[in-house]
Each structure stands twice: as structure tokens, then as C-alpha cells.
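In what follows, chains are A, B, ... by sequence order, proteins preceding strands, each numbered from 1. All values reported here derive from a predicted model rather than from experimental measurement.
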2 protein chains.
Amino acid sequence: MTNPPESARVEQAVDLLRAAGERLTPARYAVLRVVDAADRSDEHLTAEDIGARVAELEPAVHRATVYRTLTSLVDTGVLSHVHLGGAATVYHLSAVPAQHHADHDTVHQPHGHHAHVQCHACGKVLDVAPEVFDDVAERLRADLGFVLDTGHAALLGTCQDCLT
Amino acid sequence: MTNPPESARVEQAVDLLRAAGERLTPARYAVLRVVDAADRSDEHLTAEDIGARVAELEPAVHRATVYRTLTSLVDTGVLSHVHLGGAATVYHLSAVPAQHHADHDTVHQPHGHHAHVQCHACGKVLDVAPEVFDDVAERLRADLGFVLDTGHAALLGTCQDCLT
DNA sequence: ATCGTTGCAAAGCATTTGCATGCCT
DNA sequence: AGGCATGCAAATGCTTTGCAACGAT
């Protein structure tokens, strides 16, 4: 029980970090654990959300450090971020090709790479299988020479619950 | 030459404004002209961009007023805004069902309603015909009950020029 | 021991708000 | 005339930065 697969994802992230010649610090470790936990509960945390949780885990870590850490982890490729509809940016562990996770709906796919749509009414973020955008991506490439980065930004709309 | 259809679009916007029982003030008029001009040159202006141009047109108008004006014009429905990939929000005249404009590429469509994709390398914003997202919209609705608001948020990718 | 990383605190920026005045209708 | 919109200025909130101290390797 107490040795959940979480460690696997975090460890993998740590390995990536080290492979990139980066140092592992308490701040970085805390950020990785927080993001991993959020990932596996399908939460989407912003920089400040992460800062808040890191503060609980490592009170000594300064907010500014969380921002710098997020930036460097994204640069390293350990984390990736998604720009949501409004303005917020949320973070994910980028590595890890999915493994467990009991899915609930069709277009939903376990972790790993995925696209996002956000409800502008309630703010909820839904994960979507990247293939849903394959046709659009193909058309944009053919017509405009534009290579779509599926999942780097979320589209807006209204979720089922908010359709009155 | 000098009596461009601009006035038509602005006038239409003004009518909408009045129909909504809102007042026409120098600040609002300036904002409308600026946004109209941007629209017809396919530019995508943020609140501060608009503020800067309004300052040239009406030096007396305060920045705070531009923000308040944009908000109220969007509420009224005269303007609509699009959330770009990064964080910025850009504005469009919402009415006006397109008219002139010599198009250059297939998926490009004159003004009116359209979707957007943004290059995260150069920041350029490309307008895309909303139909490009029809299939995605249909699938999201069918699978998740999510109603996509095409064109309220932009997707990210890399434009032809930036593909090295 | 070295050099990247952190803490701290202050600066930055875009955006918002309270309030009294002004002006559109 | 009446009430919404504006100017002004201060406050906000998130994020960034300079610099010296710290600590991971």
C-alpha cells in the first residue's frame, strides 16, 4: 500500500532530470511530487496552486523558487505545460507513457500525451485523446503549412453539466 | 478610396450599442474604430495594444477606461474576444458578416466568425475557417456532451515560416 | 570546492477599483 | 436633469529579478 506507483513516475522524472545534468533539490523534488499527485487525480494545477501545495510539503521553499523551478523543469522537458482557455497555465509530468487509470469515457485516454478542452462556465478541464485533432492537424498542415501542437493549448466550450 | 467601408462596420457596431441602450462616448467610439481598423488588416490586438492606439486617437482617454470599455463592449456583444495560446486576449468586432477581403489561402475565410491558431515561435495568429473544427466539435458533443465554442480560444503550433 | 539553486525583498506589469466629476441622452 | 461613464490614483495579484548565501554533486 505504502509504496504506490507514484514513486515510479517521480523517479522517472528524477532520472530525466539527472540525465539532463540538472540537480535534484528539495524544491524540485517537492514540485515533482505535487505535479505527479495532481496528474494521477486528473487535476490541473496552475503555478500558484503548485506553490500552495509545495508550501505544505516544504514550507521553506519560496514562491519565487516554485516559478523558477517550473520554468527550468519545463525547459528540461521533465514537465510540460498547457495553456488553458482563460489565461492560466497548468503543468503535467511530461514523461511517463501512461499505465494504470480506470477510464470513464470514450475520448478520454489515460495520462501520457493528451489534448484539453475547458468549460468557460465552470472552468472544468476535460482531457481528450489527441487523435481527436488528427484531422484538424492534417488539414492545417496541408493548407497552411502549420504544424499543430495538440495539447499545448485548450479549446473552450461548455461542458455537459453547464448546459443548463 | 477615401470613404472606406470601415464606417459601415463601425456604424453597425454603434447601432448595436445603442440598441442595447448603451451610451456612445468618445472612448467607446475610439475603441471601436481601433478594433475595426485592426480587424480589416487582420491584426490581433490585446487590451494594451488597443489602449496605445486609442491614446493616439483620443489622448484624453485613460487606460483604465479602455479596459472598462472593452469589458462592457464584450458584454453588450458588440465586441468578442479570443484567448490566444500564451495568455493574451485579443478583440474583434463581433457583428458584421464579412464582405470584402481578397483571400490568400484555402482555409482562410474573410472576417466574420473564425477560429484561430497561433505560432508559439513567432506569435503570429492565423485565422482559420470554423468548419475546420466541425468534426472535432461533433465528436466532443457526441462523446462528452461538450459543446465546443470554436474560435473562443486558439490552438498552438508552429507556422510554416518558423519550421526552420 | 564549485557552480547551480535558493531565499529574500523589491521591482514590474497588466488589470482593477473607489470616488468625485463630467457628459451623453 | 439624471445616471452612467470617466479620470485619477492607489491597490491588486501574479510573476520576475538582483544579489548574496547555500548546498547538491
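Nucleotides of DNA chain D nearest to B:Val66 and A:Glu22 differ in position, and the one nearer the 5' end is that of B:Val66.
No more than 12 heavy-atom neighbours from other residues, nucleotides or ligands sit within 6.0 angstrom of OH on A:Tyr29.
Across the protein-nucleic acid pair, B:Asp75 atom CG and D:dA5 atom C1' stand 14 Å apart, rounded to whole Å. The NE2 atom of A:His62 sits 5 Å away from the C1' atom of C:dC8 (whole-angstrom rounding). Taking atom CD of residue B:Glu48 and atom P of nucleotide C:dA14, one finds them 4 Å apart after rounding to whole Å. A:Tyr67 has its OH atom 13 Å from the P atom of D:dG13, to the nearest Å.
Contacts of A:Arg68 with the nucleic acid, taken as non-hydrogen atoms under 4.0 Å apart, include base atoms.
Electrostatic pairing of B:Glu22 and B:Arg28 counts as a salt bridge here, judged by a charged N lying under 4.0 Å from a carboxylate O.
Residue B:Arg63 places none of its side-chain N or O atoms closer than 4.0 Å to OP1 or OP2 of D:dG7. For B:Thr69 and D:dT6, the shortest distance from a side-chain N or O to OP1 or OP2 is below 4.0 Å. Under 4.0 angstrom from either OP1 or OP2 of D:dG7 there lies at least one side-chain N or O belonging to B:Thr65.
No side-chain N or O of B:Asp75 forms a donor-acceptor pair with one of B:Ser72 less than 3.5 Å apart.
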